[in-house]
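Each remark here refers to the structure printed beneath this line.
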Amino acid sequence: MKPAGALTIAGAGLAGALLATLLARRGWPVEVFEKRPDPRARGYEGGRSINLALAERGLDALRQAGLQDVVMKQAVMMRGRMVHPLGGEPMLQRYGRDDSEVIWSVHRGRLNIALLDAAEAAGARIHFNQRLESVDFDARVARFVNDHDRTRREQAFTALLGCDGAGSGLRAAMAPHVELGESFEPLGHGYKELEIPPAADGGFRIEPNALHIWPRGGYMCIALPNTERTFTVTLFLPNAGEPGFDALPTLADARAFFERDFADALPLLPDFERDWTNNPVGVLATLRLRHWRLDGRAVLLGDAAHAMVPFHGQGMNCAFEDCLALDRHIAGSDDFDAAFAAFEAERRPNAEAIQAMALENYVEMRDRVDDADYLLQRQLEVTLAGRHPGVFLPRYSMVSFTTIPYATAFERGKVQRQILMEATRGRASLDEVDLAAADALVRERLAPL
């Protein structure tokens, strides 16, 4: 399609700002409406984790938007998981082969600001304090309200693009007009954020180039580094039960829980009482839809279409891939109906695959990273990847270091996991594994990528 009438984007978060940049660069008039204030004027108002894991899919999108250099100046490299077993010594489990295969910790607020600047530089117009209240899809008019002064405005649109998150106002407006098939599945676990401040000399208190995990079976703590030499620590815990958030009604209960289960982490948290008291318990859930669009008038993407739990660090990366795909389909289609249909057909199977992998990764992170069977399978996985380049690629590598479709990574991952289980069954070390038999399984079950 050649750029014509205005495209209206609901939401100026990470996905909305990136999509605005891509579309405006193609010459589309783009109007973006965001319910929050401008973070560049008011400071970043978080409410969600201040740092995110940036992987190859997200980097690919930032390169195409010309933002890689700006973002990478503020990123901290994470080579792998630094596992802190209960009562044991920490051990690093690399994500990839070497420092060419890493993920990056980035600050959500600063990334959002860089994307907003890029969107405006490309020609998009961004309107803040504008919450989508209702949509007249027949007249193609969206109505927004300013929750601060209660003023209202109407915006005519050619197409409405929903980047307004898990609580999407556009999704709510579409629901009476199209059978979305919406399912919202709470995990039954919540999270609470704490902070490790810099050391007395201004440096990091623990290894900066790693994602730290304290696995404890059905729950865990993680810590991601920030450029300020701090770490954002997140406790993931069942909402109910023992242990569970409801079993920690007082500060004394919370401290006793940490003294018992995270004794090595507690000294790193001098403001534990303040953080525990001030930071609410966050919700973890998976949002699935059977339909993402209303013909050629509206389409959902990112968290508005497929919110996921954060355990693969792919929510932002997946949303950025959505932006690239939608921009490509709009450019290559005859009309919005065809563009949105092709976009949904491409992206929905991939979103469903990474949602499933994110749920699986929670179990792996909290239960398996210090398990002997898991560690042996990881050793064999690395060995087979070296013996079968272009054929056997660890699932984590497919997800984090390539742009292979998530659905492909998910299906190949199932086959590879079965090979690893069969080859290591009854074995205590890599020396005992029959590599020739494992090679035969790879050749028999996996086609080259």
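These values consider heavy atoms only, across backbone and side chains, with no hydrogens, waters or symmetry-generated copies. Just so you know, residue 1 is the first one in the sequence shown, and it goes up from there.
Salt-bridge formation is detected for the pair R387/D439: a Lys NZ or Arg NE/NH1/NH2 atom is positioned less than 4.0 Å from an Asp or Glu carboxylate oxygen. Taking 4.0 Å as the cut-off between side-chain N and carboxylate O, R328 and E346 count as a salt-bridged pair. Salt bridge present: R81 and E364 bring a charged side-chain N and a carboxylate O closer than 4.0 Å. For D303 and R171, the salt-bridge test fails: no basic side-chain N is under 4.0 Å from an acidic carboxylate O. Taking the charged nitrogens against the carboxylate oxygens, D117 and R40 do have a contact shorter than 4.0 Å, which makes a salt bridge. Using a 4.0 Å cut-off between a side-chain N of Lys or Arg and a carboxylate O of Asp or Glu, E411 and R395 do not qualify as a salt bridge. The pair R131-E34 does not count as a salt bridge, with every side-chain nitrogen at least 4.0 angstrom from each carboxylate oxygen.
Side chains of D264 and W214: a donor-acceptor N/O pair is present below 3.5 angstrom, by distance only.
For Y362, the ring-ring contact (aromatic ring centres under 6.0 Å, His included) test picks out H189, F311, with sequence neighbours left out. Here Y95 pairs with Y396 under the ring-ring contact (aromatic ring centres under 6.0 Å, His included) rule; sequence neighbours left out. Scored by the ring-ring contact (aromatic ring centres under 6.0 Å, His included) test, F33 finds H127, F144 as partners (sequence neighbours excluded). For A353, the side chain to side chain contact (heavy atoms under 4.5 Å, CB included) partners two or more places apart in sequence, or in a different chain, are M357, Y406, A407, F410.
For R229, the CZ atom sits in a loose shell: 12 or fewer heavy atoms of surrounding residues, nucleotides or ligands are nearer than 6.0 Å. Within a 6.0 Å sphere centred on CD of E259, heavy atoms belonging to other residues, nucleotides or ligands number more than 12.
When every heavy atom of R36 is checked against every heavy atom of G13, the shortest pair comes out as NH2-CA, 4.1 Å. Contact record, A247 with G241: CB-O, 3.4 Å, taken as the closest heavy-atom pair. Nearest approach of N112 to A17, heavy atoms of both residues: ND2-CB, 4.4 Å. Counting all heavy atoms, side chain and backbone alike, A423 lies closest to A438 at CB-CB, 4.2 Å. Pairing each heavy atom of P39 with each of L116, the nearest pair is CG-CD1, 3.6 Å. Looking at every heavy atom in both residues, F204 comes nearest to T230 through CE2-O, 3.8 Å.
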R288 vs E182, salt bridge (charged side-chain N to carboxylate O under 4.0 Å, His left out): CA-CA, chis, key distance, verdict: CA-CA 6 Å; R288 292 186 176 89; E182 181 175 334; over 6 Å; no
Chi angles and distances behind the side chain to side chain donor-acceptor pair (under 3.5 Å) call for E381, T383: CA-CA 5 Å; E381 185 176 52; T383 301; over 6 Å; no
Steps toward side-chain contact (heavy atoms from CB on, under 4.5 Å) verdict (L300, L161): CA-CA 6 Å; L300 302 168; L161 315 176; over 6 Å; no
Verdict with supporting geometry, D371 and R378, salt bridge (charged side-chain N to carboxylate O under 4.0 Å, His left out): CA-CA 11 Å; D371 173 79; R378 278 277 292 150; over 6 Å; no
Audit row: L376, R427, side-chain contact (heavy atoms from CB on, under 4.5 Å) steps and yes/no: CA-CA 9 Å; L376 176 56; R427 307 288 191 266; 4.1 Å; yes
Stepwise side-chain contact (heavy atoms from CB on, under 4.5 Å) check, M365 with I222: CA-CA 9 Å; M365 291 170 76; I222 67 169; 4.1 Å; yes
T232 and N226: CA distance, side-chain angles, deciding distance, side chain to side chain donor-acceptor pair (under 3.5 Å) verdict: CA-CA 7 Å; T232 301; N226 299 304; 3.2 Å; yes
L435 and L380: CA distance, side-chain angles, deciding distance, side-chain contact (heavy atoms from CB on, under 4.5 Å) verdict: CA-CA 9 Å; L435 290 179; L380 179 58; 3.7 Å; yes
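Contact check for C221 versus T234: no side-chain heavy atoms found under the 4.5 Å cut-off. Using a 4.5 Å heavy-atom cutoff, the side chains of L235 and F262 are in contact. Between P215 and P85 the shortest side-chain heavy-atom distance does not fall below 4.5 Å.
With values rounded to the nearest 0.5 angstrom, L194 atom CG is found 5.0 Å from F258 atom CZ.
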Show the atom names and distances, to 0.1 Å, of all donor-acceptor pairs under 3.5 Å that link a side chain in residues 440-449 to residues at least two apart or in another chain.
{"unit_1": "R445", "atom_1": "NH1", "unit_2": "E422", "atom_2": "OE2", "d": "3.1"}
{"unit_1": "R445", "atom_1": "NH2", "unit_2": "E422", "atom_2": "OE1", "d": "3.1"}
{"unit_1": "R445", "atom_1": "NH2", "unit_2": "E422", "atom_2": "OE2", "d": "3.4"}

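Sequence neighbours left out, the pairs with a member in residues 310-325 that pass salt bridge (charged side-chain N to carboxylate O under 4.0 Å, His left out) are R57-E321, E321-R347, D322-R347.
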